[in-house]
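Below you'll find the structure, written out as structure tokens, and then a few comments.
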Amino acid sequence: MQVRQDKLTQWRHEGQAYPNHFRRDALAGDLQARYGDMDALALEQEPIQARLGGRLMTRRVMGKASFADIQDQSGRIQLFVSRDALGEEHYARFKALDFGDIIGVEGTLFRTKTGELSLKVHSLQLLSKALRPLPEKWHGLSDAETRFRQRYVDLIVTESARRTFQIRAETVAALREGLRQRGFFEAETPMMHAIPGGATARPFMTHHHALDMTLYLRVAPELYLKRLVVGGIEQVFEINRNFRNEGISTRHNPEFTMLEWYEAYADYRDAMDLTETLIRAAAQAALGGTQIQYQGLEIDLGKAFVRMSVSESVRAHNPDLADADLRDPEVLAAKLTQLRVPCEASWGWGKRLIEIFEKTVEGHLQQPTFITEYPLEVSPLARRNDLDPEVTDRFELMIAGRELANGFSELNDPEDQAARFRAQVEAKDAGDEEAMFYDADYIRALEYGMPPTAGVGLGIDRLVMLLADQPSIREVILFPHLRPE
RNA sequence: GGGAAUGUAGCUCAGUCGGUAGAGCAGCGGCCUUUUAAGCCGUGGGUCGCGGGUUCGAAUCCCGCCGUUCCCA
């Protein structure tokens, strides 16, 4: 690094060390795509000139001529640099460059003896000095901590990381486009809530100095988006961050990205249809197909997703339980004890059943499966089922053993909603950190009348993990949370 | 929160039984006009995560702390 520092000082003395006048007219990847098929003779007869900017990644100096690779956002291309073409002084300067330096080159495309499309460089200049050395070219950067802390280095040297974030960008774009095409309106609702709501989760707290009040980072945008439905924005969505003050793991980051959408005059079955369609379209856009591999597992997003109720799925994986047992708190408690899950006395049959579901079913649902009819107890914002008021018109989508989306027919009865909030407040008073607050303004909004509506929340990070075949959420978040160095 | 693994040169990694800290790549000085992990000759580079302890002597053994990774809650 000291040597590079000295070189920079030298450059400063010789003139402009960080010039800003260079303009490129081509990208490496575009040249490869456009002229990759042109043979040597054709390139000679019809010379293609190009100006490229990029980072010097490799160099092979063979005396008076050299090869080098530069990388830009589109990819790489090989340069052929010779003393004859540049002159003694400029060639010496080229040899004094370091890996990682950002240079501008101008030259003519040609094909080498081995047939590689390359740029014969006529002129070359240093645009920005790399004072720190890049990781080794062969092994790259493998230390996960450095990859996440110094993502900028990771992105320079790790092709697979660039690909993952490309998939992420394509996925988000496809979801946004799919909703916009269907007439949905994109909204941005508050990230800072006086009353956090919309999910059962522990919030982060912060303080507003001028107002001298506690504010919470949102755990979900749900209640604000539904206020917009009341306001007449009948198809609305938001793609943005949520914050949950809970454990960190390969599947949880304190801030994560969620897509939520709401559609009036639709129910949870319509919502399942759209969920399925959007995920399929996202896979198609990001990967070019719906047949995917996740950690060695073949997953088919092209086939119709299976739909089954919580009860059906629990029965299927627990043959020792009869239908009637699923509503019997005592039997469920015994089952939990058998599964070595501590069962709290305050839990009703619904909460107990869901614990059994999570322990015995969830992990087995590899292929896309909608699980429906969640107990009312664990669904404080979902509409009651008309035939069975103890369950709700709700679903969760499971793929590769994980929850990917959650949706339901929205509860638009303000009196029922007020009662559900009161039950949540009771749970909170009893010590449940994740229970919801009573949101009086939300009840007031519902009292103006919300049309029958369905809504869905889809975890973007988890979808990207699936599509990019990544085992950890940290691989799909550019700057995952780490403790300070 | 519990358990396991891990931290050594810029990067990727060795380091045996406790006895002067190593390799490859990168760097630096040379040679080399079609290479692609280019090659050949020469050469510099360390807070062994941090703090304590045991010992004549600690990268190595013990204790504590910090970071990271994975598993579990």
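The chains referred to below are lettered A, B, ... by the order of the sequence lines, with proteins before strands, and numbering in each begins at 1. Predicted model only: the values in this text are computed from it and were never measured.
For the P atoms, the distance linking B:rC17 with B:rC56 amounts to 22 Å, nearest Å. Nucleotides B:rG30 and B:rU34 place their C1' atoms 22 Å apart, quoted to the nearest Å. When the P atom is used for both B:rC61 and B:rA5, the distance is 13 Å, rounded to whole Å. When the C1' atom is compared between B:rU6 and B:rC48, the two are found 14 Å apart, to the nearest whole Å. Taking atom C1' on both nucleotides, B:rG44 is separated from B:rC28 by 7 Å, rounded to a whole Å. Comparing B:rG7 with B:rA14, their P atoms are spaced 8 Å from each other, to the whole Å. Here, B:rC50 and B:rC11 have their P atoms 15 Å apart, quoted to the whole Å. Remark: the separation of the C1' atoms in B:rC25 and B:rU43 is 16 Å, to the nearest Å.
Between the base of B:rU33 and the side chain of A:Asp84 there is a donor-acceptor pair shorter than 3.5 Å. Looking at A:Thr112, its side chain comes within 3.5 Å of the base of B:rU35 through a donor and an acceptor atom. Interface remark: the A:Glu116 side chain does not form any donor-acceptor pair with the B:rU34 base, using a distance-only criterion of under 3.5 Å.
Rounded to an integer number of Å, the gap from CE of A:Met62 to C1' of B:rC32 is 9 Å. What separates CZ of A:Arg251 from P of B:rU69 is a distance of 14 Å, to the nearest Å. In this entry the distance linking CD of A:Gln150 with C1' of B:rG10 reads 11 Å, nearest Å. If you take CD1 of A:Ile156 and C1' of B:rC11, they are 13 Å apart, rounded to a whole angstrom. Between the C1' atom of B:rA14 and the CD atom of A:Glu136 lies a distance of 14 Å, rounded to the nearest Å. Atom-to-atom, CZ of A:Phe148 to P of B:rG67 comes out at 17 Å; the value is rounded to the nearest Å. Remark: P of B:rU69 and CD1 of A:Ile248 are 9 Å apart, rounded to the nearest angstrom. Between the C1' atom of B:rU35 and the NZ atom of A:Lys95 lies a distance of 15 Å, rounded to the nearest Å.
An OP1 or OP2 oxygen of B:rC71 is reached within less than 4.0 angstrom by no side-chain nitrogen or oxygen of A:Ser249. Between A:Arg483 and the phosphate of B:rC66, there is no side-chain N or O to OP1/OP2 separation shorter than 4.0 Å. An OP1 or OP2 oxygen of B:rU35 is reached within less than 4.0 angstrom by no side-chain nitrogen or oxygen of A:Arg60. Contact annotation: A:Lys137 side-chain N/O to B:rA26 OP1/OP2 distance is under 4.0 Å. Distances shorter than 4.0 Å separate none of the side-chain N or O atoms of A:Arg132 from OP1 or OP2 on B:rG10. OP1 and OP2 of B:rU33 both lie 4.0 Å or more from every side-chain N or O belonging to A:Ser82. In terms of phosphate contacts, A:Arg474 brings a side-chain nitrogen or oxygen within less than 4.0 Å of OP1 or OP2 of B:rC70.
Heavy atoms of A:Lys120 sit nowhere under 4.0 angstrom from any nucleic acid atom. The residue A:Ser472 sits close only to the backbone: its heavy atoms come under 4.0 Å of sugar-phosphate atoms, none of a base. Counting any heavy atom pair closer than 4.0 Å across all strands shown, A:Lys64 reaches a base atom. Among the heavy atoms of the strands, none lies under 4.0 Å from A:Ser66. A:Val61 comes within 4.0 angstrom of a nucleotide base, judged by non-hydrogen atoms across all strands. Nucleic acid contact for A:Leu482: sugar-phosphate only, since backbone atoms but no base atoms lie under 4.0 Å from a heavy atom of the residue.
Of the charged side-chain nitrogens involved, at least one lies within less than 4.0 Å of a carboxylate oxygen, so that A:Arg218 and A:Glu238 count as a salt-bridged pair. With respect to A:Arg147 and A:Glu475, a salt bridge is recorded, a charged nitrogen being found less than 4.0 Å from a carboxylate O. At a threshold of 4.0 Å, the pair A:Asp461-A:Arg168 counts as salt-bridged, since one of the basic side-chain nitrogens sits closer than that to a carboxylate oxygen. A:Arg315 has a carboxylate O that lies under 4.0 Å from a charged side-chain N of A:Asp323, or vice versa, which qualifies the two as a salt bridge. Look at A:Arg422 and A:Glu426 and you find no salt bridge, because none of the NZ, NE, NH1 or NH2 atoms lies under 4.0 Å from a carboxylate O. Under 4.0 Å is where a charged nitrogen must lie from a carboxylate oxygen, and between A:Glu159 and A:Arg162 at least one such pair does. The residues A:Arg241 and A:Glu255 are annotated as salt-bridged, a charged nitrogen and a carboxylate oxygen being separated by less than 4.0 angstrom.
Judged by distance alone, the side chain of A:Arg24 and the main-chain N or O of A:Gly104 form no donor-acceptor pair under 3.5 Å.
Closest to the side chain of A:Lys359, out of B:rA37, B:rU33, B:rA73, is B:rA73. Listed nucleotides B:rU68, B:rA37, B:rC28 differ in distance to A:Val3; the shortest reach to its side chain belongs to B:rC28. For A:Arg149, taking side-chain heavy atoms from C-beta onward, the closest of the listed nucleotides B:rU68, B:rU34, B:rC11 is B:rU68. Looking at the side chain of A:Thr250, the nearest of the listed nucleotides B:rA26, B:rC71, B:rU12 is B:rC71. Distances from the side chain of A:Asp98 to the nucleotides B:rC11, B:rU35, B:rC28 place B:rC28 closest. Considering only the side chain of A:Lys7, B:rC28 comes nearest among B:rU35, B:rC28, B:rU12. Closest to the side chain of A:Arg59, out of B:rA37, B:rU33, B:rG27, is B:rG27. Each of B:rU69, B:rU33, B:rU12 was ranked by its minimum atom distance to the side chain of A:Leu141; first place goes to B:rU12.
Applying the Watson-Crick and G-U wobble criteria (two distances, each under 3.5 Å), B:rC61 pairs with B:rG53. Pair check for B:rA4 finds B:rU69; Watson-Crick or G-U wobble, both atom distances under 3.5 Å. Under the Watson-Crick and G-U wobble criteria, each requiring two contacts below 3.5 Å, nucleotide B:rC25 is paired to B:rG10.
Nearest-nucleotide positions on RNA chain B place A:Gly140 closer to the 5' end than the other of A:Gly140 and A:Ser118. Comparing A:Pro484 and A:Lys113 by the nucleotide of RNA chain B whose heavy atom lies nearest to each, the residue mapping closer to the 5' end is A:Lys113.
Between A:Tyr374 and A:Phe408, the distance from one ring center to the other does not fall under 6.0 angstrom.
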